[in-house]
Enquirer: 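Below is one structure. I have some questions about it.
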Number of protein chains: 2
Amino acid sequence: MARKTGSHSNITGPRIRTAALSLFARYGYAAVSMRQIAREVGVQAGTLYRYTPDKQSLLFDLMRDHMTTLLGAWDQADCTSQGARSRLSAFTRFHIIYHLERPEAVFVSYMELRNLNPGNFEIIEDLRRQYEDRLESILKSGRREGVFHFPDSKLTTLALIAMLTGVNTWYRHGGRLSPERVVEAYWEMVEKLVHP
Amino acid sequence: MARKTGSHSNITGPRIRTAALSLFARYGYAAVSMRQIAREVGVQAGTLYRYTPDKQSLLFDLMRDHMTTLLGAWDQADCTSQGARSRLSAFTRFHIIYHLERPEAVFVSYMELRNLNPGNFEIIEDLRRQYEDRLESILKSGRREGVFHFPDSKLTTLALIAMLTGVNTWYRHGGRLSPERVVEAYWEMVEKLVHP
DNA sequence: GTCTATAATGGGATAGAC
DNA sequence: GTCTATCCCATTATAGAC
């Protein structure tokens with residue numbers, strides 16, 4: 001049986017999400033219209049509402065998916081049986097590489113928090129806290145093992161995440177440094193920062 | 001001679017800028033309307049255009065003033081005759097305190113870059129680069145003096161600034177740590193990070 | 001599954017009265 | 001120096017045809 005003309009439901013949904021992510025990252029959620037997203041996808045604006053209840057849900061779904069995928073990927077990569085120094089090295093590499101591979105999702109997830117409605121904001125913030133907690137527990141293990149020293153575990157967690165995420169603001173593909181070299185340099189700095 | 005009723009030109013201009021800064025910080029440039037700014041100030045929307053040519057100039061002026069004031073304040077505070085370690089300590093303190101005192105201007109200046117038109121963007125980016133260069137030259141002096149070691153001066157500059165500016169994302173007035181304690185903790189981390 | 005058409009609202013910016 | 005009134009256009013979201 002021939003497929004009906006215009007029967008693209010399996011592909012239109014993802015294409016809407018991809019277009020929205022890209023436009024939100026470039027111009028910001030508030031500056032992007034549903035018509036703009038529709039044009040990018042190649043459908044009329046009304047059609048978008050078959051795939052999302054409203055613009056807010058589109059933003060929220062993108063951010064929630066980014067955060068849950070990030071958490072899942074780290075939990076897969078983390079070797080909890082290893083020592084804290086080795087786990088921190090793995091975290092440094094994972095965080096930089098994972099974020100460099102998804103600049104748009106990272107950018108939207110950090111910049112558009114204030115455009116979430118209160119309920120959605122709380123859910124995203126909880127996921128972010130969970131990710132921070134993963135790093136903090138590594139730092140605390142290292143302190144118990146006597147291989148790390150730092151002034152305050154929560155504050156050091158936030159300092160390290162800010163430092164590592166900052167790579168996304170300046171890294172340019174094909175620039176002076178390869179991702180591998182960036183990871184090396186940051187690990188050298190992280191290692192000294194937590195040194196006893 | 002009695003002042004004319006409604007003659008507030010000396011105060012309305014600054015009040016527009018304060019209201020705009022506050023609203024841009026809370027809701028984002030694109031999400032804030034000129035009518036909203038006018039309501040906050042207590043004038044009609046048309047009146048705003050006696051004080052700014054358009055909405056874009058309002059944003060640009062706020063960002064440019066923040067960056068030039070920041071640069072001027074650091075150049076005032078920097079004791080170039082001192083050693084690099086002492087200057088880096090001063091920079092760490094200056095950056096954290098100065099940024100904590102102006103959360104709205106800092107937030108707007110980091111979040112609304114993409115809402116600047118190309119010419120304005122270039123001017124702000126140049127000011128930002130100048131500020132980064134101030135830190136980088138301290139790091140290079142320290143390396144020449146033999147009191148610092150790091151993998152790459154530009155990369156370390158950006159890592160440190162990201163780390164220090166990150167304080168603004170989590171610090172809450174009246175929270176667990178005083179600004180003074182935050183400065184101490186960050187200096188301890190910065191010092192180790194650049195340790196030979 | 002997508003389209004056209006439209007409702008209801010609000011946007012930036014300007015003109016001219018007072 | 002501020003207000004009122006207005007121009008013109010864009011916005012989100014929905015209804016109903018095909």
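Keep in mind that what you see is a predicted model, and the values were worked out from it rather than measured.
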Enquirer: Do the rings of B/Tyr29 and B/Phe24 sit parallel, tilted or perpendicular, given the 30° and 60° boundaries?
Expert: perpendicular
Enquirer: Tell me whether the OP1 or OP2 atom of C/dG11 has a side-chain N or O from B/Ser33 closer than 4.0 Å.
Expert: yes
Enquirer: Enumerate all atom pairs, one protein N or O and one N or O from nucleotides 13-16 of chain C, separated by less than 3.5 Å.
Expert:
| from | atom 1 | to | atom 2 | distance (Å) |
| --- | --- | --- | --- | --- |
| C/dA13 | OP2 | B/Tyr49 | OH | 3.0 |
| C/dA13 | OP2 | B/Lys55 | N | 3.1 |

Enquirer: Take atom CZ in A/Arg87; do more than 12 heavy atoms of anything else shown fall under 6.0 Å from it?
Expert: yes
Enquirer: Distance from B/Trp170 atom CH2 to B/Arg172 atom CZ, nearest 0.5 Å?
Expert: 9.5 Å
Enquirer: When the distance from CD1 of B/Ile11 to C1' of D/dT2 is rounded to whole Å, what number comes out?
Expert: 15 Å
Enquirer: Is the phosphate of D/dG1 approached by B/Thr12 (side-chain N or O, under 4.0 Å from OP1 or OP2)?
Expert: no
Enquirer: Hey, are the side chains of B/Arg17 and B/Thr12 touching, using non-hydrogen atoms and a 4.5 Å cut-off?
Expert: no
Enquirer: What is the distance from CZ of B/Arg15 to C1' of D/dG1, rounded to the nearest Å?
Expert: 14 Å
Enquirer: If I take atom CD in residue B/Gln36 and atom C1' in nucleotide C/dT9, what distance separates them, rounded to the nearest angstrom?
Expert: 15 Å
Enquirer: Under 4.0 Å between a side-chain N/O of A/Gln44 and OP1 or OP2 of C/dT2, yes or no?
Expert: no
Enquirer: To the nearest 0.5 Å, tell me how far B/Asp61 CG sits from B/Ile16 CD1.
Expert: 12.0 Å
Enquirer: Rounded to the Å, how far apart are B/Arg39 CZ and D/dT4 P?
Expert: 14 Å
Enquirer: Taking atom CG of A/Leu158 and atom CE of B/Met163, what is their separation to the nearest 0.5 Å?
Expert: 11.5 Å
Enquirer: Once you apply a heavy-atom cut-off of 4.0 Å, does A/Val32 come out as touching a base, just sugar-phosphate, or nothing?
Expert: sugar-phosphate
